S.K.: 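Sharing a structure, written as structure tokens. Questions coming.
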Amino acid sequence: MLKLIILEWKKNNIWKYIRNTAITTTVLLLLMLTAAEELETAETVQSYGKSMLDASVGLFVHMTYIVFTGVMIAAYIVSAYEKKTINLMYSYPIKRSKIIFSKIGAVWLFNFAAMVVSKAVIYLVLTASKSFTGISAASLFVWEPSFWLDAVLSSAAMVSISFIALPVGLKMRSSKAAVVASVIIVCFTQGGIGSATLVNNMPFYTALFVVAVVSVYLTVWRVETRDVM
């Protein structure tokens, strides 16, 4: 499976995505450096058990990489059906389910790692730069294991939820539909209307995680015998 995942990365030019991730992380870091001082003035306002600075980093990183995951789902999986290149892949002496899982794994692993690294870079730079930026970063408990555990688990959850866009793109045989679906997911999971929001609503996120698991299951279900249009 790992060999197939690596093959997917090579075939889809993973270095292009690594470059885009580096650019994205840099832009997000500059954004947070610009806004950090203002966010720290609101430190007395707790956002879902987190400081405003911590919550804002998570919000922007999650928004960005949910869409990023949707783009990779479109490129790695949906486009293969859209352009009918999946027919050639299914002619290989490899189980169809293994091919699909390798594509899903390639997208999931990359975006999970990218999201964690982006958070780590932003958190660590905000903490390290406090001596010359005026940012105290006192609410970023980067020396506590629980802080990083939350960063890792929330990243895994957000990337997994992003796969709700997969059956949408496959059903419509449209890469654009998969990307649009990921934007809608961002609106539901990270947006809000006035004071009403579902951000960090654990029952809601749990329900979405279940939907994502079902989405992946339906993608692989009967793939060995199902005709490819």
Side-chain angles (χ1 to χ4, degrees), residues 1-21 61-62 64-118 151-186 189 205-229:
M1 180 63 73
L2 182 58
K3 289 182 179 179
L4 286 175
I5 289 175
I6 293 173
L7 182 61
E8 284 293 329
W9 285 337
K10 289 181 178 179
K11 184 174 66 176
N12 289 279
N13 189 12
I14 193 62
W15 291 108
K16 174 180 66 177
Y17 294 97
I18 293 175
R19 178 200 64 199
N20 292 342
T21 297
V61 172
H62 292 166
T64 300
Y65 282 98
I66 288 174
V67 175
F68 206 97
T69 302
V71 170
M72 288 188 70
I73 287 172
Y76 278 59
I77 307 172
V78 177
S79 66
Y81 283 88
E82 187 178 9
K83 299 175 181 178
K84 301 186 184 302
T85 56
I86 196 69
N87 295 312
L88 175 61
M89 297 187 69
Y90 282 166
S91 68
Y92 298 158
I94 305 174
K95 285 187 175 181
R96 292 181 175 185
S97 58
K98 200 169 184 179
I99 293 174
I100 291 297
F101 274 126
S102 68
K103 290 177 173 291
I104 292 171
V107 175
W108 194 95
L109 287 173
F110 178 83
N111 283 282
F112 169 69
M115 192 180 293
V116 172
V117 170
S118 289
V152 169
L153 292 179
S154 61
S155 297
M158 289 301 105
V159 174
S160 299
I161 288 172
S162 302
F163 276 84
I164 294 175
L166 176 57
V168 177
L170 290 179
K171 182 68 176 178
M172 301 182 69
R173 291 291 192 271
S174 170
S175 298
K176 292 180 180 179
V179 176
V180 171
S182 69
V183 173
I184 294 174
I185 292 170
V186 168
T189 61
Y205 281 6
T206 300
L208 287 181
F209 180 82
V210 172
V211 172
V213 172
V214 172
S215 298
V216 172
Y217 172 77
L218 291 177
T219 301
V220 182
W221 181 59
R222 293 179 57 193
V223 72
E224 303 294 344
T225 57
R226 189 169 60 232
D227 291 334
V228 182
M229 300 301 292

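Reckoned from all heavy atoms, side chains included, excluding hydrogens, waters and symmetry mates. The shown structure was predicted, so the numbers you read here are calculated from the model rather than taken from an experiment.
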S.K.: In Å and rounded to the nearest 0.5 Å, what is the CD1 to CD1 distance from Ile77 to Ile104?
M.R.: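 Atom-to-atom, Ile77:CD1 and Ile104:CD1 are 5.0 Å apart.
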S.K.: For Ala75 versus Asn12, what's the shortest heavy-atom pair and its separation?
M.R.: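 Shortest heavy-atom contact: O-OD1, 3.9 Å.
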S.K.: With sequence neighbours left out, what residues match Tyr17 under ring-ring contact (aromatic ring centres under 6.0 Å, His included)?
M.R.: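 Scan of Tyr17 (ring-ring contact (aromatic ring centres under 6.0 Å, His included), adjacent residues dropped) gives Tyr76.
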S.K.: Which class fits the ring pair Phe112 and Trp108: parallel under 30°, tilted 30 to 60°, perpendicular over 60°?
M.R.: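 Because their plane-to-plane angle is under 30°, the rings of Phe112 and Trp108 count as parallel.
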S.K.: Who are the side chain to side chain contact (heavy atoms under 4.5 Å, CB included) partners of Thr64, not counting sequence neighbours?
M.R.: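 Thr64: side chain to side chain contact (heavy atoms under 4.5 Å, CB included) contacts with Thr24, Leu28.
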S.K.: Does any non-hydrogen side-chain atom of Thr21 lie less than 4.5 Å from one of Val117?
M.R.: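 Val117 vs Thr21: side chains apart.
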S.K.: Is the backbone of Met115 close enough, under 3.5 Å, to the side chain of Ser118 for a donor and an acceptor to pair up by distance?
M.R.: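 Judged by distance alone, no pair lies under 3.5 Å.
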S.K.: Going by the rule ring-ring contact (aromatic ring centres under 6.0 Å, His included), which residues pair with Phe101 if we only count those two or more places apart in sequence or in a different chain?
M.R.: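 Applying ring-ring contact (aromatic ring centres under 6.0 Å, His included) to Phe101 gives none.
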S.K.: Which atom pair, heavy atoms only, marks the closest approach of Ile164 to Leu208?
M.R.: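 Result for this residue pair: CD1-O, 3.6 Å.
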S.K.: Ignoring hydrogens, what is the shortest heavy-atom contact between Ile66 and Ser182? Give both atom names and the distance.
M.R.: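 Of all heavy-atom pairs spanning Ile66 and Ser182, the closest is CG2-O, 3.6 Å.
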S.K.: Is the shortest side-chain heavy-atom distance between Lys103 and Ile86 below 4.5 Å?
M.R.: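 Lys103 reaches Ile86 side chain to side chain.
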S.K.: Might you confirm whether atom NZ of Lys176 has over 12 heavy atoms from other residues, nucleotides or ligands at distances under 6.0 Å?
M.R.: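 No, because the 6.0 Å sphere around NZ of Lys176 holds 12 heavy atoms or fewer from other groups.
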S.K.: Can you see which heavy atom on Leu4 is nearest to which on Ser102, and at what distance?
M.R.: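 Closest heavy-atom pair between Leu4 and Ser102: CB-CB, 3.5 Å.
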S.K.: Find the distance between CE (Met158) and CZ (Phe209) and round it off to the nearest 0.5 Å.
M.R.: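 Interatomic distance, Met158 CE to Phe209 CZ, rounded to 0.5 Å: 10.5 Å.
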S.K.: Please round to the nearest 0.5 Å and tell me the distance separating atom OG1 of Thr85 and atom CG of Asn87.
M.R.: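 It is 8.0 Å, given to the nearest 0.5 Å.
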S.K.: Starting from the C-alpha separation in whole Å, work towards a yes-or-no answer on side chain to side chain contact (heavy atoms under 4.5 Å, CB included) for Trp9 and Leu109.
M.R.: CA-CA 11 Å; Trp9 285 337; Leu109 287 173; 4.1 Å; yes
S.K.: Would you compute the distance between atom OH of Tyr65 and atom CG of Asn111 and round it to the nearest 0.5 angstrom?
M.R.: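 The OH atom of Tyr65 sits 8.0 Å away from the CG atom of Asn111.
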S.K.: Heavy atoms only: give me the nearest Ala106-Glu8 pair and the separation to one decimal.
M.R.: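 Scanning both residues, the minimum pair turns out to be CB-CB, 4.0 Å.
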S.K.: Side chains of Ser215 and Phe163: closer than 4.5 Å at any heavy-atom pair?
M.R.: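 They are not in contact (no side-chain heavy atoms under 4.5 Å apart), so the answer is no.
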S.K.: Can you tell me how far the OG1 atom of Thr189 sits from the CD1 atom of Ile184, to the nearest 0.5 Å?
M.R.: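 Result: 11.5 Å between the selected atoms.
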S.K.: Just how far is it from atom OG of Ser162 to atom CZ of Phe68, taken to the nearest 0.5 Å?
M.R.: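 Rounded to the nearest 0.5 Å, the OG-CZ separation comes to 12.0 Å.
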S.K.: Please name the pair of heavy atoms, one in Val179 and one in Ala74, separated by the smallest distance, quoted to 0.1 Å.
M.R.: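 Between these two residues, the closest heavy atoms are CG2-CB, 4.1 Å.
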S.K.: Report yes if some heavy atom in the side chain of Ile185 is under 4.5 Å from a heavy atom in the side chain of Ile161; otherwise report no.
M.R.: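 Ile185 vs Ile161: side chains touch.
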